[in-house]
Amino acid sequence: MQLFEQKENFRKALITWYLTEKRDLPWRRTNNPYYIWVSEVMLQQTRVDTVIPYYERFIEKFPTLADLAEAKEEDVLKMWEGLGYYSRGRNLQAGVKEVVAEYDGQIPGNRKDISRLKGVGPYTAGAVLSIAFGVPEHAVDGNVMRVLSRLLLIEEDIAIPRTRKIFEDVVMELIDEEDPSSFNQGLMELGATICTPNPRCLLCPVRDFCIAFHEGKQGELPVKSKKVRMKTIPQVSFAIRNPDGKWLMRQRPTTGLLANMWEFPMVESTGDASAEELFRAAYGLEISNIKPLLDFTHIFSHLTWNMKSYLSTTVKEAPEGFKFLSNDEVEALPKAIPVVKIWEEIKKTFEINTKG
DNA sequence: CAAGCGTGGTA
DNA sequence: TTACCAAGCTT
């Protein structure tokens, strides 16, 4: 069957399948545009199973858009701890603040305005517009590109940004004006459960429309170029305790990797300098009683840290930019996974019980 | 546009 | 073990 000549039949097959087979997910039990927005940001490059508990905790902590707008950034990042891509959390709060300041707390219902909000790109704009407001707008993510590349045998490289416009145009041609939410979510649900990288075509509700299936090319699509060479950086981290039993920590810079997250002092390990020498050179602080704590490798999306962590003590004051913090304070701060791992090891070593 | 930006799951 | 992801956005 020709897809474009059978638009109505295609829409009906897709939407009927979606309404029957869709998974029961927390954000599918609401039309609250703020909740939809939160879920869409969390779902960026992140699995559904990972997001669910974060979503539940987040909307419990910040039940309304106003609650999030008024929150401390540190509390927002704490709720994001372990979810990754932490600028998403900071940008979400920034966007929410813009809605309060410029739109009287009402999320804009058109693409032009909603797209101006921090952290809202072309996909998230279309998702919120179609799902929460019922506006017939495209919401093209990786799922949609995979599904449509197969249905229509589109062989453009989906790794190239400008390719997305091809799929946006296709969606605007096909979209169901009566139920754009189910249409867009149907395409995504299909990509997530049936039209996966290794597709299960025999279960597909729209395989009769699929050119790739017809020609047996579903395994060759979508076309996606890839170029990633990963750097490995050796890091040395120091958990330094003062006589009050407090730990030396700092907040990372406001831009770049793990922006604004907290960490134990850390330096790139170059050459064969000892841990103590590295730390004195970096911060000019004398430390003693150095003992190995925990070694591990942490893999980011674009680089790898080979971590060696040490325990030590000092009697000096904190250097510029650092703070000595109690166990409960360390527990409460937002920390990325490598820092959490070191902190967990410290808590085990010293049998620390925190209020958190 | 290309590169930077997290984490955990899976083949 | 390596590679590739999973509902992308910013600079």
Side-chain angles (χ1 to χ4, degrees), chain A residues 18 22-23 25-28 36-55 77 80-92 94-95 114-132 138-147 157-165 167-168 171 181 184-193 195-198 219 222 224-233 252-261 263 296-305 334-341:
Chain A
Y18 172 71
K22 66 180 178 181
R23 293 165 291 175
L25 304 174
W27 45 88
R28 288 183 175 162
I36 301 298
W37 186 3
V38 170
S39 72
E40 290 302 339
V41 173
M42 286 188 170
L43 285 162
Q44 289 167 10
Q45 302 289 285
T46 310
R47 292 180 141 75
V48 165
D49 289 344
T50 302
V51 167
I52 290 173
Y54 280 91
Y55 172 83
L77 284 176
W80 217 268
E81 182 178 286
L83 191 55
Y85 286 144
Y86 298 99
S87 65
R88 289 183 299 171
R90 296 191 301 124
N91 288 340
L92 174 61
I114 200 172
S115 297
R116 289 209 183 89
L117 301 174
K118 199 80 169 175
V120 177
Y123 164 75
T124 303
V128 173
L129 290 173
S130 60
I131 297 170
H138 58 77
V140 174
D141 69 343
N143 284 316
V144 174
M145 288 196 284
R146 184 170 57 254
V147 170
D157 182 359
I158 68 168
I160 299 171
R162 62 181 149 78
T163 301
R164 200 191 65 245
K165 187 181 180 356
F167 293 94
E168 289 173 350
V171 170
S181 170
N184 281 340
Q185 292 196 79
L187 284 179
M188 290 189 276
E189 188 79 354
L190 194 61
T193 61
C195 196
T196 50
N198 291 313
K224 185 174 186 179
S225 66
K226 199 64 179 186
K227 55 278 177 187
V228 175
R229 61 174 181 283
M230 188 111 91
K231 274 193 310 185
T232 298
I233 302 174
R252 293 178 60 88
T254 54
T255 59
L257 185 63
L258 308 180
N260 284 8
M261 303 293 278
E263 67 184 8
F296 60 94
T297 295
H298 185 80
I299 301 170
F300 295 94
S301 54
H302 59 299
L303 58 86
T304 297
W305 281 356
K335 302 173 288 292
I337 292 299
V339 182
V340 169
K341 282 184 179 166

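Below, chains carry the letters A, B, ... as their sequence lines are ordered, and counting in each starts from 1.
Position along DNA chain B of the nearest nucleotide to T255(A) versus T163(A) favours T163(A) as the more 5'-ward residue. Mapping L117(A) and I131(A) onto DNA chain C by nearest heavy atom places I131(A) closer to the 5' end of the strand.
We find that CE of M261(A) is positioned 13 Å from C1' of dC5(B), with the value rounded to whole Å. One can place CG of D49(A) at 11 Å from C1' of dA6(C), the figure rounded to the nearest angstrom. Atoms CE (M145(A)) and P (dC5(C)) sit 12 Å apart, rounded to a whole Å. Computed from coordinates, the I158(A) CD1 to dG8(C) C1' distance equals 12 Å when rounded to whole Å. What separates CZ of R164(A) from C1' of dG8(C) is a distance of 9 Å, to the nearest Å. Counting to the nearest Å, the P atom of dC1(B) and the NZ atom of K165(A) are 13 Å from each other. Nucleotide dA6(C) holds its P atom 14 Å from the CD atom of E189(A), rounded to whole Å. When rounded to the nearest whole Å, the span between CG of L43(A) and C1' of dG8(C) equals 11 Å.
For W37(A), the ring pair (Phe, Tyr, Trp, His ring centres under 6.0 Å) test picks out no residue, with sequence neighbours left out. Partners of N91(A) by side chain to side chain donor-acceptor pair (under 3.5 Å), not counting sequence neighbours: none found. With sequence neighbours excluded, the residues that form a ring pair (Phe, Tyr, Trp, His ring centres under 6.0 Å) with F300(A) are H298(A), W305(A). Looking at residues two or more places apart in sequence or on another chain, you find no salt bridge (charged side-chain N to carboxylate O under 4.0 Å, His left out) involving K341(A).
Between L187(A) and V147(A), the shortest heavy-atom distance links the atoms O-CG2, 3.6 Å.
Heavy-atom contacts from other residues, nucleotides or ligands closer than 6.0 Å to NZ of K22(A) number more than 12.
Spacing of P atoms, dG6(B) relative to dT11(C), comes out at 13 Å, to the nearest Å. For the C1' atoms, the distance from dC5(B) to dA6(C) is 15 Å, rounded to whole Å. Spacing of P atoms, dA3(B) relative to dC4(C), comes out at 16 Å, to the nearest Å.
Across all strands, V120(A) comes closer than 4.0 Å only to sugar-phosphate atoms, never to a base (heavy-atom distances). Within the 4.0 angstrom heavy-atom criterion, no nucleotide atom of any strand lies near R116(A). Here W27(A) lies in heavy-atom contact (under 4.0 Å) with a base. Using a 4.0 Å heavy-atom cutoff across all strands shown, S39(A) reaches no nucleic acid atom at all. Across all strands, R252(A) comes closer than 4.0 Å to no nucleic acid atom at all (heavy-atom distances). Using a 4.0 Å heavy-atom criterion, one finds that L187(A) contacts no nucleic acid atom at all.
Annotation: salt bridge (Lys or Arg N to Asp or Glu O under 4.0 Å) contacts involving residues 184-193 of chain A, sequence neighbours excluded, comprise R23(A)-E189(A), R28(A)-E189(A).
In this structure, of dG8(C), dA6(C), dC5(B), it is dA6(C) that holds the atom nearest to the side chain of R146(A).
In this structure, K224(A) does not reach the dA6(C) phosphate: none of its side-chain N or O atoms is under 4.0 Å from OP1 or OP2.
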Can you give me the N/O atom pairs linking the protein to nucleotides 6-11 of chain B at distances under 3.5 Å, or say none if there are none?
{"from": "dG6(B)", "atom 1": "OP1", "to": "Y86(A)", "atom 2": "N", "distance (Å)": "2.8"}
{"from": "dG6(B)", "atom 1": "OP2", "to": "L258(A)", "atom 2": "N", "distance (Å)": "2.5"}
{"from": "dG6(B)", "atom 1": "O4'", "to": "Y85(A)", "atom 2": "N", "distance (Å)": "2.9"}
{"from": "dG6(B)", "atom 1": "N7", "to": "Y85(A)", "atom 2": "OH", "distance (Å)": "3.3"}
{"from": "dG6(B)", "atom 1": "N7", "to": "S301(A)", "atom 2": "OG", "distance (Å)": "3.4"}
{"from": "dG6(B)", "atom 1": "O6", "to": "Y85(A)", "atom 2": "OH", "distance (Å)": "3.0"}
{"from": "dG6(B)", "atom 1": "N1", "to": "Q45(A)", "atom 2": "O", "distance (Å)": "3.0"}
{"from": "dG6(B)", "atom 1": "N2", "to": "Q45(A)", "atom 2": "O", "distance (Å)": "3.2"}
{"from": "dG6(B)", "atom 1": "N2", "to": "T46(A)", "atom 2": "OG1", "distance (Å)": "3.0"}
{"from": "dT7(B)", "atom 1": "OP1", "to": "Y86(A)", "atom 2": "OH", "distance (Å)": "2.5"}
{"from": "dT7(B)", "atom 1": "OP1", "to": "I337(A)", "atom 2": "N", "distance (Å)": "3.0"}
{"from": "dT7(B)", "atom 1": "OP2", "to": "H298(A)", "atom 2": "NE2", "distance (Å)": "2.8"}
{"from": "dG8(B)", "atom 1": "N2", "to": "R47(A)", "atom 2": "NH1", "distance (Å)": "2.5"}

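A donor atom on one side chain and an acceptor atom on the other are found under 3.5 Å apart for Y123(A) and E40(A).
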